[in-house]
Amino acid sequence: MTATTRKGTGIMLRLKSLEITNIRSVEHVTLNVDPDGTTALYGPSGVGKSGILDALPWCLWGDTGSAGSAAALRREGSTEPAQATATVLIGSDEIVALRRITRSDSGVESASAKLWINGVKQSNVTPASLTRIITDLTGLTAKTFRGAFYMAQGQLTDLMTGTPAKVQETFEELTGLDDLTKRIQGLREQCKEAAVRAEALPGDPAEVTRTADDAKEAGRESDRLQQESNRAAAAAASARTIWDTANQRAKELQSAERAARDSREAVVGAEALAADAAQTVNAARLRLHDLGEASEGDPEVQGAATRTACAALEQALSELTRRGTELKAAAGQESSARTAAEQARAAHDSVDPDALATAVTDGQAEVDAGRAAHQEVLRAAHVADAAVAQRDEAIATLSRAMDAAACPTCRQDVGDVAALIDEQNAILDQARKDAAAAHQKATTLDRALLDAETRLRKAHDALANVASLARVAEHAEEAASAATRHADQAAATLAELVAAHQNEPAPTGREQIHSAALAVHEQLTEQLSTARGVTAAWITLTDTIARAAAASGRVDQARAAVVDAPSPTDVAAAESREATTRVDLDTAQAGAADAAAQAQAARATAMQLDGIADDAATRWNLKREAAEQAEVTRIARDIGIALRRDLLAEYCATISAAATDILTRLGGEHVGFMIDETFVPQVVLPDGTTRATRQLSGGEKARAAVCAFIGFSRQLAGGGKPGMLFADEITASQDEAFRRDMLTMLRALEMPMIVVSHTADVLDIASRVIRLQRPPLGSTQLAA
């Protein structure tokens with residue numbers, strides 16, 4: 001069971017760098033690894049070293065290990081994307097793989113992936129295709145990688161000191177034989193179940209022969225009755241043909257008789273419709289006569305003339321209405337403009353410019369006086385503040401020199417400093433009260449000054465507004481005059497239009513013009529109503545004349561379509577022939593039905609016996625097939641057992657040889673390593689005797705375990721160079737001597753590897769050290 005790269009030179013997977021974001025306890029870390037030497041991941045327990053190493057198989061193969069799912073790998077509390085980017089060497093190729101999971105607002109995780117080969121980005125890479133490509137390039141699955149290139153905590157101890165059952169379990173996991181073992185066990189169960197099933201199934205070859213003979217005899221009887229049924233059916237079909245001919249002839253004569261009757265009735269109906277149309281034409285002409293119109297002219301010409309008259313009246317009414325509306329709107333605008341002019345003039349006349357000028361002068365004087373008083377109070381407040389500051393400084397000076405103080409004013413020595421400080425504090429309190437009163441007065445005067453300035457500004461604005469009011473009044477009076485001119489012009493236009501319709505002089509005065517316009521509007525409305533009635537009557541006459549002509553044409557068509565009826569004697573003879581042939585058909589169909597029923601019963605019996613025969617054959621076939629399946633399963637089981645035995649022997653020999661090669665190259669008293677189907681790891685002594693590894697000292701066990709593990713790796717690599725090994729806390733929970741021997745062994749291997757450890761011993765063999773730390777409640781970080 002070997003795994004090779006695409007170039008067939010064995011597995012060569014070496015890690016160069018690993019960048020991790022939001023995985024396990026890591027928020028963001030980038031590890032630069034020595035691909036040709038030993039890189040130590042060093043840090044105290046619980047810092048997250050193993051979690052960092054677990055990110056590599058997830059990045060390359062999507063393997064989540066003990067986490068169970070990609071979502072479980074996400075750093076707790078993080079909602080940002082979680083990803084890992086690994087740069088690895090596979091043979092001579094540099095591969096950069098990126099795998100990411102992103103959480104949506106609804107909490108659903110989605111995965112994505114990217115891949116570069118020798119700097120060239122690969123297109124259409126999905127998480128599944130990334131796993132497939134890495135497997136094709138390395139020849140490794142995630143399981144084989146973890147099994148033979150990833151030395152986990154306690155694994156070497158289990159391999160060297162475990163019971164044969166535990167060693168077998170580890171051996172089969174590392175070599176991949178566990179799948180074959182599970183398959184063989186499944187085949188054993190299937191073989192047993194198949195044998196029991198074959199024995200329990202019913203089936204008898206004698207019963208198959210007997211039921212088949214009964215079915216054949218029933219089939220022959222069914223065939224004979226079916227032939228008789230076919231002959232009766234043929235006779236019935238012949239009788240059907242004779243009856244169809246007679247029935248068709250009778251229907252044809254009956255149809256011709258009905259057609260002749262219908263054609264005569266159609267002539268009568270068309271003539272009645274023509275008479276109704278003529279009456280409608282007369283009624284339309286009478287309606288025109290009642291309206292005072294002569295109906296002898298061309299209806300279409302007369303109708304067009306009346307429609308033209310209606311259009312002229314509608315246009316005259318529209319023009320009269322538009323002009324009246326214009327006059328009404330102009331009069332309204334004139335009234336509004338007059339009102340606005342009167343209001344503007346009244347507003348201007350209500351203002352006294354002299355009083356406003358006096359108010360401005362008085363307000364300016366008040367503001368000037370307020371500003372002077374405010375400035376005086378501000379100066380007093382500044383003096384009070386200075387007095388407070390002076391007393392504060394004096395008290396501070398006296399407090400700093402209680403024993404040998406001098407008066408801050410006269411500089412003479414003061415005996416009782418405390419009394420002087422109390423005196424100064426009293427003066428300070430009064431000074432603060434004076435300063436507060438001065439500031440309060442300044443604030444009051446400041447508000448009064450603001451009020452005076454506001455009144456002055458309003459007086460200025462009112463005085464400046466006098467001229468504006470005058471201009472507004474002038475503009476309003478001009479607008480009122482223009483509105484009056486526009487209203488007079490609209491009245492004159494309407495008066496001319498009224499005079500044109502009345503053939504009289506134009507009326508004067510807006511009231512007279514309005515009354516005359518209403519009278520003309522009423523007159524035109526009546527004329528339009530009469531003209532519309534005449535137009536509708538001419539249209540009705542035109543339509544009724546067209547319908548009468550069409551009705552007359554349909555009468556001519558109906559008369560031309562009249563057909564002759566067939567002879568009543570011929571019709572009666574055809575109907576008699578149809579009745580006779582129908583009796584013959586019924587007799588033949590009854591005979592055919594009886595024969596068909598007998599044939600169907602015989603066929604049902606034959607089918608029933610066929611079913612019985614098929615059931616017997618099916619039971620026998622199922623029993624025979626179950627027996628054959630049991631035999632096939634037994635053979636598959638035996639083949640699996642033989643294959644496992646052969647593979648186990650081959651793997652044991654390959655692993656033992658590879659481990660022996662490493663062990664002899666390292667030197668020491670042990671000249672070989674051996675493991676066989678008993679799953680008891682042993683070392684070979686120079687005299688040819690063997691010793692179980694569980695009997696060795698700690699250092700000897702470490703040597704044997706590492707050699708055995710590399711043997712597994714070489715077996716998976718097809719005998720080639722295994723590439724980089726990953727060792728996770730393989731010296732954990734061991735004494736100092738064991739750790740020293742194990743690290744000496746790892747140094748002697750001269751193979752690229754990553755060693756995870758929380759003890760400083762690993763630093764002695766590392767060509768590159770990556771130190772990790774994790775503050776309380778924080779994330780894993782690179783230590784300085």
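Both backbone and side-chain heavy atoms feed into the values below; hydrogens, waters and symmetry mates do not.
- Within the 4.5 Å cutoff, no side-chain heavy atoms of P752 are placed close to those of D36.
- W61 places a side-chain N or O within 3.5 Å of a backbone atom of L140 that can act as its donor or acceptor partner.
- The two residues D434 and A384 make their nearest non-hydrogen contact at C-CB, 4.2 Å.
- Closest heavy-atom contact between T102 and P81: OG1-CB, 4.1 Å.
- A pairwise comparison of heavy atoms in I134 and L60 identifies CG1-O, 3.5 Å as the closest pair.
- F149 has its side chain within reach of L725: a pair of non-hydrogen atoms, C-beta onward, lies under 4.5 Å apart.
- Remark: I427 CD1 to D422 CG distance equals 11.5 Å, nearest 0.5 Å.
- Remark: the backbone N or O of T38 is paired with a side-chain donor or acceptor of S767 at under 3.5 angstrom.
- Rounding to the nearest 0.5 Å gives a distance of 9.0 Å between CD of E453 and CD of Q364.
- The aromatic rings of F145 and F726 sit perpendicular to each other, their planes meeting at more than 60°, with 30° as the lower class boundary.
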Give the intermediate values and the outcome of side chain to side chain contact (heavy atoms under 4.5 Å, CB included) for residues R379 and V383. CA-CA 6 Å; R379 283 193 292 273; V383 171; 5.6 Å; no
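- Between R103 and S78, every side-chain heavy-atom pair lies at or beyond the 4.5 Å cut-off.
- R75 CZ to N22 CG: the interatomic distance, rounded to the nearest 0.5 Å, is 4.5 Å.
- Looking at heavy atoms from C-beta onward, Y150 lies in side-chain contact with D54 at the 4.5 angstrom threshold.
- Q489 CD: 12 or fewer foreign heavy atoms inside a 6.0 Å radius.
- At distances below 3.5 Å, not a single donor-acceptor pair connects side-chain atoms of R24 with backbone N or O atoms of I52.
- One N or O on the side chain of T780 and one on the backbone of V47 form a donor-acceptor pair closer than 3.5 Å.
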Apply side chain to side chain contact (heavy atoms under 4.5 Å, CB included) to the pair L41 and L31, showing each step before the final yes or no. CA-CA 9 Å; L41 288 184; L31 308 179; 4.1 Å; yes
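- In this structure, L89 CG and R14 CZ are separated by 4.5 Å, a value rounded to the nearest 0.5 Å.
- K114 places no side-chain N or O within donor-acceptor distance of the main-chain N or O of K121, the cut-off being under 3.5 Å.
- Side-chain contact between L763 and Y42 is present, with heavy atoms from C-beta onward closer than 4.5 Å.
- Looking at L782 and R771, their side chains never come closer than 4.5 Å, going by heavy atoms from C-beta outward.
- Looking only at distances, a side-chain donor or acceptor of E729 sits under 3.5 Å from a matching main-chain atom of H758.
- The backbone N or O of T85 lies less than 3.5 Å from no partner atom in the side chain of R100, so there is not a single donor-acceptor pair.
- Between R322 and E326 a salt bridge is recorded (basic side-chain N to carboxylate O distance below 4.0 Å).
- Crowding of K143 atom NZ: a count of heavy atoms from other residues, nucleotides or ligands under 6.0 Å exceeding 12.
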Please report the C-alpha distance between D392 and R432 in whole Å, then the side-chain angles of each, then the deciding distance to 0.1 Å, and finally whether the salt bridge (charged side-chain N to carboxylate O under 4.0 Å, His left out) criterion is met. CA-CA 10 Å; D392 275 336; R432 285 175 175 168; 3.3 Å; yes
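- Proximity of a side-chain donor or acceptor of T131 to a complementary backbone N or O of P127 within less than 3.5 Å is detected.
- When every heavy atom of V388 is checked against every heavy atom of A435, the shortest pair comes out as CG2-CB, 4.2 Å.
- For G43 against K49, the heavy-atom pair with the smallest separation is O-NZ, 3.1 Å.
- Of the possible polar contacts, one joining the N425 side chain to the I421 backbone as a donor-acceptor pair under 3.5 Å is found.
- Going from atom CD of E19 over to atom CG of N32 covers 9.5 Å, rounded to the nearest 0.5 Å.
- Atom CD of E393 has 12 or fewer neighbouring heavy atoms from other residues, nucleotides or ligands inside a 6.0 Å radius.
- Side chain of R768 to main chain of V33: a donor-acceptor pair is present (N/O by atom type, distance under 3.5 Å, no hydrogens or angles).
- In terms of heavy atoms, S129 sits closest to N124 at OG-O, 4.0 Å.
- Interatomic distance, I770 CD1 to I754 CD1, rounded to the nearest 0.5 Å: 7.0 Å.
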